[in-house]
There are 2 protein chains.
Amino acid sequence: MKESKTPFSYELILKNISRFIDLNLEEQNLYISLLRQRVIRKKDFILKPGEVVKDEYFIVKGCLKVYSIDDKGVEHISMFAIKDWWTGDIASFLTQQPSNYFIQALEETEVIKISRKNYDLLFKKIPKFERFYRILYQKSLANYILRSDQNISLSAEDRYFNFVKKYPSLVNRVSQKDIASYIGVTPEFLSVLRKRISSI
Amino acid sequence: MKESKTPFSYELILKNISRFIDLNLEEQNLYISLLRQRVIRKKDFILKPGEVVKDEYFIVKGCLKVYSIDDKGVEHISMFAIKDWWTGDIASFLTQQPSNYFIQALEETEVIKISRKNYDLLFKKIPKFERFYRILYQKSLANYILRSDQNISLSAEDRYFNFVKKYPSLVNRVSQKDIASYIGVTPEFLSVLRKRISSI
DNA sequence: ATAATTTCTTAATGTACATTATTTTTTCAG
DNA sequence: CTGAAAAAATAATGTACATTAAGAAATTAT
């Protein structure tokens, strides 16, 4: 698999980390030494079902979609990962069991990745990263609890409004088909919904 | 509010903690000193919307339901908390913003609770609790990501089967009305579903 | 025990959304 | 630029589930 040789800045990821913990210069450099960069070309996959997840990803630029395909062959998008977000398959990354997910680039995407081995090493070398991830997962958990509740209780229209609120930058950047998959309706019905919304 | 004076054992919670970190005797005692016990009588509430969440709860015995009420007055159960589980409203606990949830005892329930103040103190006194919570939230996050995907993609029947798998001890312990609320259907439809399932 | 209340069942009718099919529009490879 | 393929729009029909209503069963309170 071809990877770009052009390095990009670690500024964004360091700023992301500094939301929750402070790193001195030495720690910053140690942390960076445990990371790898990669550019994913549009439509390329970094994960397919059956593979064990090796890395967690931080998005510097572009957009990934994380999705699975059910028994009937229908695609379900679990999340879009955009600039300044972390993504991967946390279950497979943790348990080292095969994943059920695809992760595919919707645009040319720059990511910074950390391997499971270096992730474990990170906690040994810089224990305060336990705190960073504790807070990161805690916030993420709060979001997913809410999303889980909303996915079961809101109408398709309200789930669409939530998508627009959560991903304003994606509304005109990803296909309607993918938005439909994210909010759990058919593209045909989303088309009807959008027409209904715009006519108000 | 009346609280029981009968103390119960900390054995269960210490065993829960020891899944991810080891505590020596001194640390165990320090930890326990930061906890409080409470018995919640059947139908009593420990949280109502508008209140800021003061505590996180560990269930020693019994069952709590965590739910919200939507604009139309419909109740949506977000989780059942049973023995050996943690619960609360993590979003409000974290941000100290008012909660949107009710937490109510379905049976007489024994809980061990930690206040936000002692939770913060815990990380200062025994930093490896950052690791404990990092792993706890990470696993919980993996579960909620899956549940969030399933809530949007599975049929009511499959969500019911998932409920049975996740909470085998509750199937004949909580009302069908509450199960219906958890899986996001009306009690009438769950009644039809169960009849359909049992006739196979 | 008995009444009152809540839960559960059943059935008729209604609605949000899926499915299928066709046409139009957009994207993209050559 | 041109044609092929993918995405989007529209419409007819179908289905999973909601709503409403009423009676039966179970729980709870007196």
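Within every chain, numbering begins at 1; the chains are lettered A, B, ... in the order of the sequence lines, protein sequences first and strands thereafter.
- Between A:N172 atom CG and C:dT27 atom P the separation is 12 Å, expressed in whole Å.
- Within 4.0 Å of A:S191, counting heavy atoms only, lies at least one base atom of the nucleic acid.
- Aromatic pair A:Y182/A:Y167: centroids less than 6.0 angstrom apart.
- Aromatic rings from A:Y137 and A:W86 are positioned such that their centres are separated by 6.0 Å or more.
- Using five terminal pairs a side, the axes of the helix from C:dA1-D:dT30 to C:dG30-D:dC1 at its two ends make an angle of 60°, given in steps of 10 degrees.
- Using a 4.0 Å heavy-atom criterion, one finds that B:S175 contacts the sugar-phosphate atoms exclusively.
- With salt bridges taken as basic N to acidic carboxylate O contacts below 4.0 Å, one links B:E27 and B:K128.
- Applying the 6.0 Å contact sphere to CD of A:Q96 captures more than 12 heavy atoms from other residues, nucleotides or ligands.
- Taking for each of B:V185 and B:K43 the nucleotide of DNA chain D with the nearest heavy atom, the 5'-most of the two is the partner of B:V185.
- Residues B:F132 and B:F20 place their aromatic rings such that the two centres sit under 6.0 Å apart.
- We find that CZ of B:R196 is positioned 14 Å from C1' of C:dA11, with the value rounded to whole Å.
- Of the charged side-chain nitrogens involved, at least one lies within less than 4.0 Å of a carboxylate oxygen, so that B:E75 and B:K65 count as a salt-bridged pair.
- Here the range on DNA chain D touched by chain A, meaning any atom under 4.0 Å from one of its heavy atoms, is D:dA7 to D:dT10.
- Rounded to an integer number of Å, the gap from CD of B:Q176 to C1' of C:dT10 is 13 Å.
- Using a 4.0 Å cut-off between charged nitrogen and carboxylate oxygen, A:E130 and B:R131 count as a salt-bridge pair.
- Aromatic ring orientation, B:F123 versus B:Y119: perpendicular (interplanar angle above 60°, classes split at 30° and 60°).
- Regarding B:K177, its NZ atom lies at a distance of 14 Å from the P atom of C:dT9, rounded to whole Å.
- With B:F163 as the aromatic partner, B:K166 does not meet the cation-pi criteria of under 6.0 angstrom to the ring centre and within 45 degrees of the ring axis.
- Across all strands shown, A:K42 has heavy atoms under 4.0 Å from sugar-phosphate atoms exclusively, and none from any base.
- Look at CG on B:D178: it is 8 Å from P on C:dT7, rounded to the nearest Å.
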